Amino acid sequence: MSAPGRLLGLAQLSLLNTAPPQLVAIAAEAGFDFIGARVRAVTPTERPYDLQPGSPMLKETLARMADAGVTVRDIEFLLLDGTDQRSAWLAMMEAGQALGAASLTVAASDPDTARLADTLAQMAEDGRNYGIVPTLEPISYQAVNSIPAAVVLARAAGCSIVVDALHLNRFGAVPGSQQWQDLEGNLDLVPLLQLCDGPAQRPADRPALVAESRSERGVPGEGGFDLAALVHLFPADVPVSVEAPSDSMVARLGELGWARRLREAALAVLAPVSTERVSAAAKAVKA
């Protein structure tokens, strides 16, 4: 059971090598409410998952979802690089619509802000036909690597922002910072919060940032991030997805064991916040 009033999901990156039908089954057994599905490979070395309408994998995924009661909330991942990628995102939106997803996560390596803004606006317009909103993720080692930059683009294009605990910490959006205030003033743009943990110290260079992000994040509540403050910042009904890839821990615990560990850890982070909010509400009623 998730924290009161809050849906809890398992991001594909937490188990990148687990195909979506199996990810649904594992998420259900571990107690998650939803998953994020990777409908397009990010790197050439990734295993691609064909979730296009008519594919056997889509049929199997939908059957597992119906049996388990687990939904797909978000699909991923497209890195906007300044080239014409419309055919790619339209195919992703077709897959996302078939899965019942609400958002498509993108990041940006395109340094041309005006061109990027036009791309996002076109994506947002196309997404309306599929019931899918592009969700821009500011990433510490990409061109859009701050909350203010993401907010400006999202407001102009009519898209959303996904907030990832790792990248917030890596580009300095921590409690007390200006970026934290920027985030606090734009919470309406954020439909999903991604949780993980890690050392407070930022890795030394870009390759180290990439390696940490893709394959060695920490269990929520076991690192140096102020996750309690982050969760407190958001309304109680904002869904949380656990995005914590760890090749070493999956090898040690297995897929289901890792999923269970992540859920238990996430609940331990979320539960005190939920309890405090219930207590505050009760006091307000008595006052």
Side-chain angles (χ1 to χ4, degrees), residues 10-17 36 38 40-47 74 76-82 85 104-113 116 120 134-154 160-180 182-183 190 192-227 229-230 233 240-251 258 262 265-266 269:
L10 182 65
Q12 176 79 71
L13 192 59
S14 293
L15 289 171
L16 184 58
N17 295 317
R38 185 159 288 201
R40 185 174 188 273
V42 176
T43 69
T45 59
E46 277 183 35
R47 177 185 173 190
D74 57 298
E76 58 178 36
F77 183 84
L78 186 62
L79 182 64
L80 302 175
D81 60 10
Q85 296 170 287
L104 187 167
T105 304
V106 302
S109 63
D110 186 0
D112 187 328
T113 304
L116 178 57
L120 286 167
T135 308
L136 177 61
E137 181 175 0
I139 291 179
S140 54
Y141 50 83
Q142 297 293 0
V144 178
N145 55 15
S146 72
I147 293 298
V151 166
V152 169
L153 287 161
S160 300
I161 295 172
V162 63
V163 167
D164 183 315
L166 176 71
H167 296 299
L168 283 185
N169 281 269
R170 296 305 176 237
F171 54 62
V174 294
S177 69
Q178 180 58 55
Q179 285 202 67
W180 186 265
D182 294 333
L183 177 59
V190 184
L192 182 70
L193 175 62
Q194 292 181 330
L195 283 191
C196 67
D197 218 323
Q201 181 66 37
R202 173 187 164 105
D205 53 29
R206 189 180 192 276
L209 284 167
V210 174
E212 175 188 52
S213 176
R214 292 182 179 171
S215 61
E216 283 301 336
R217 303 192 190 192
V219 175
E222 296 183 7
F225 300 167
D226 192 345
L227 297 181
L230 180 60
L233 193 62
V240 167
S241 179
V242 186
E243 186 172 79
S246 174
D247 296 343
S248 61
M249 292 299 289
V250 172
W258 183 232
L262 292 179
V269 170

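If you're wondering where the values come from, they're calculated on a predicted model, not measured in any experiment. Numbers here simply count residues along the sequence, with the first being 1.
- Side-chain contact check for S213 versus L166: some heavy-atom pair is nearer than 4.5 Å.
- With respect to the salt-bridge test (charged N to carboxylate O, under 4.0 angstrom), the residues R38 and E46 qualify.
- Among all heavy-atom pairs drawn from V250 and L15, the shortest one is CG2-CD2, 3.8 Å.
- Side chains of I161 and V151 form a contact here, defined as non-hydrogen atoms less than 4.5 Å apart.
- Taking every heavy atom of both residues into account, G218 and A244 meet most closely at O-CB, 3.8 Å.
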Salt bridge (Lys or Arg N to Asp or Glu O under 4.0 Å) evaluation trace for E212 with R170: CA-CA 11 Å; E212 175 188 52; R170 296 305 176 237; 2.8 Å; yes
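- P148 is not listed as a side-chain neighbour of Q178, based on a closest heavy-atom distance of 4.5 Å or more.
- Taking 4.5 Å as the limit, some side-chain heavy atom of V219 sits within range of a side-chain heavy atom of W258.
- Between Q194 and E137 the shortest side-chain heavy-atom distance falls below 4.5 Å.
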L16 and D247: CA distance, side-chain angles, deciding distance, side-chain contact (heavy atoms from CB on, under 4.5 Å) verdict: CA-CA 9 Å; L16 184 58; D247 296 343; over 6 Å; no
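- Between D74 atom CG and T105 atom OG1 the span is 5.0 Å, to the nearest 0.5 Å.
- The two residues L116 and A108 have their closest heavy-atom pair at CD2-CB, 3.5 Å.
- Here the side chain of E216 pairs a donor or acceptor atom with the backbone of S248 at under 3.5 angstrom.
- Taken to the nearest 0.5 Å, the CZ atom of F225 stands 5.5 Å off from the CG atom of D197.
- The side-chain heavy atoms of V144 and I139, taken from C-beta on, include no pair separated by under 4.5 Å.
- No donor-acceptor contact under 3.5 angstrom links the side chains of S14 and E243, judged on distance only.
- Atoms OG and CZ, on S140 and R206 in that order, are 9.0 Å from each other to the nearest 0.5 Å.
- Residues L262 and C196 have side chains not in contact (no heavy-atom distance under 4.5 Å, counting atoms from C-beta outward).
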Derivation and outcome, side-chain contact (heavy atoms from CB on, under 4.5 Å), residues W180 and L230: CA-CA 9 Å; W180 186 265; L230 180 60; 4.1 Å; yes
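- Of all heavy-atom pairs spanning I147 and L183, the tightest one is CG2-N, 3.8 Å.
- Across every non-hydrogen atom of P175 and D226, the tightest pair is CG-OD2, 3.9 Å.
- D81 contributes atom CG, which lies 5.0 Å from atom OG of S109 (distance to the nearest 0.5 angstrom).
- The distance from the CZ atom of R202 to the CG atom of L209 is 4.5 Å, given to the nearest 0.5 Å.
- The closest donor-acceptor contact from the side chain of Q142 to the backbone of N145 lies at 3.5 Å or more, if one exists at all.
- Considering all non-hydrogen atoms of both residues, P138 and F171 come closest at O-CE2, 3.5 Å.
- Atom CG of D164 sits about 8.5 Å away from atom CG of L193, to the nearest 0.5 Å.
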Residue pair L153, T113: steps toward the side-chain contact (heavy atoms from CB on, under 4.5 Å) verdict: CA-CA 8 Å; L153 287 161; T113 304; 4.2 Å; yes
Intermediate values then yes/no, side-chain contact (heavy atoms from CB on, under 4.5 Å), T135 and L104: CA-CA 6 Å; T135 308; L104 187 167; over 6 Å; no
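- S146 places a side-chain heavy atom less than 4.5 Å from the side chain of Q179.
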